[in-house]
Peer 1: 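Supplied in structure tokens, the structure appears directly below.
Small disclaimer: the values here were computed from a predicted structure and weren't measured.
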Amino acid sequence: MCHPGGPGRPASYLDDLGGIGHTLVLLDPRGTGASEPASSYAFTDLADDLELLRMHLGAERIAVLGHSAGAWPVLAYAAKRPDRVSRLVLLTPSRKPIPQGGDEPSQDVLVKRWFAAEPWYASAKVAWDAEDFPAAAPLIYAADTPAVRAHAARPEITTDYAADFWSAELDPGDLAAVGVPVTIMAGDRDVVTGLAAPHVLADWLPNAAICWLPDAGHFPWVTHPDLTRTAIDEVLAG
């Protein structure tokens, strides 16, 4: 079962996650895609929709993947219903709720460090500074290819509920209940997640491991489909 990020994006952008060899159930979060609006969009409330979908499917336990901001309803679900989760994959999880470390490089520092030598850097950095994220896609994807441009330009109907989504809090102490294996898949060129947040998440979870995806950004199945597919398949088969 896959929960997309955004927050407020329908799940279609996940595609088949590089062609993984498992059946994917893509959840459109409330208020996006084919799902109805709701009164609350806090990520802790979105977690309840995962349980409703599990019950609808008649599955005793489920493996759950959350991408970007979608990692947080997935974590909240696993903390609420650890008996219903077989394993978790947090794919380039959003670092927004994680406190910034004093010596942690900022996004702007990472952008310059990793990409200043790229021929597309100058125009992408102008777009980044203007918060024109479709035009800044090379910095977010860590590549500028036809596949990146097509994925970033794909039309979709989103819902802007970021403020409500992030109004919730998840106490790291609550994650002690998540005893199932958790794999944090992080791109080592992901300016959205950064390099420190995966380690903080791993420290919060009792049975977590980090899987680094070399040269990958925030959407690794777009730029490195074989690497992403193999990594996810190995985790789900474990």
Peer 1: Under 4.0 Å between a Lys/Arg side-chain N and an Asp/Glu carboxylate O for K112 and D108?
Peer 2: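 Between D108 and K112 there is no salt bridge, as every charged N stays at least 4.0 Å from the carboxylate O atoms.
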Peer 1: Tell me whether the centres of the aromatic rings in H199 and W212 are closer together than 6.0 Å.
Peer 2: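 Close enough - the centres of the two rings lie under 6.0 Å apart.
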Peer 1: What class does the angle between the rings of W72 and W204 fall in, given that below 30° is parallel, 30 to 60° is tilted and above 60° is perpendicular?
Peer 2: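 W72 and W204: perpendicular rings.
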Peer 1: Tell me every residue that passes side-chain hydrogen bond (donor to acceptor under 3.5 Å, both in side chains) with H151, counting only those two or more places apart in sequence or in another chain.
Peer 2: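 In terms of side-chain hydrogen bond (donor to acceptor under 3.5 Å, both in side chains), with neighbours along the sequence ignored, H151 is linked to Y141.
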Peer 1: When the ring planes of F165 and Y161 are compared, do they come out parallel, tilted or perpendicular, using 30° and 60° as the limits?
Peer 2: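 Correct class here is parallel.
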Peer 1: For a side chain to side chain donor-acceptor pair (under 3.5 Å) check, start with the C-alpha distance between S35 and D28, then their side-chain angles and the critical distance, and finish with the verdict.
Peer 2: CA-CA 6 Å; S35 293; D28 283 343; 5.1 Å; no
Peer 1: Can you tell whether the side chains of R9 and E156 come within less than 4.0 Å, N to carboxylate O?
Peer 2: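 Result for this pair is yes, salt bridge flagged.
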Peer 1: Under 4.0 Å between a side-chain nitrogen and a carboxylate oxygen: does that hold for E234 and R229?
Peer 2: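 Judged by the 4.0 Å cut-off on N to carboxylate O distance, E234 and R229 do not form a salt bridge.
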Peer 1: Among V64, L46, T44, which residue meets the side chain to side chain contact (heavy atoms under 4.5 Å, CB included) test with P73?
Peer 2: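 Answer after filtering V64, L46, T44: L46.
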Peer 1: Do K80 and E51 sit within salt-bridge range, that is, some charged N less than 4.0 Å from a carboxylate O?
Peer 2: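 No, this pair does not count.
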Peer 1: Nearest heavy-atom pair of R189 and D215: which atoms, and what distance?
Peer 2: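 Closest heavy-atom pair between R189 and D215: CG-CA, 3.9 Å.
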Peer 1: Check for me whether R113 meets the cation-pi criterion with F115, that is, NZ or CZ under 6.0 Å from the six-membered ring centre and within 45 degrees of the ring axis.
Peer 2: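 The answer is no, since R113 fails at least one limit relative to F115.
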Peer 1: Working to the nearest 0.5 angstrom, can you tell me the gap between I98 CD1 and T193 OG1?
Peer 2: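 Separation between the atoms: 8.5 Å.
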Peer 1: Just by distance, no angles: are the side chains of Y13 and H67 close enough, under 3.5 Å, to form a donor-acceptor pair?
Peer 2: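 Short answer, yes.
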Peer 1: For D83, which residues count as a side-chain hydrogen bond (donor to acceptor under 3.5 Å, both in side chains) partner, sequence neighbours excluded?
Peer 2: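 Here no residue qualifies.
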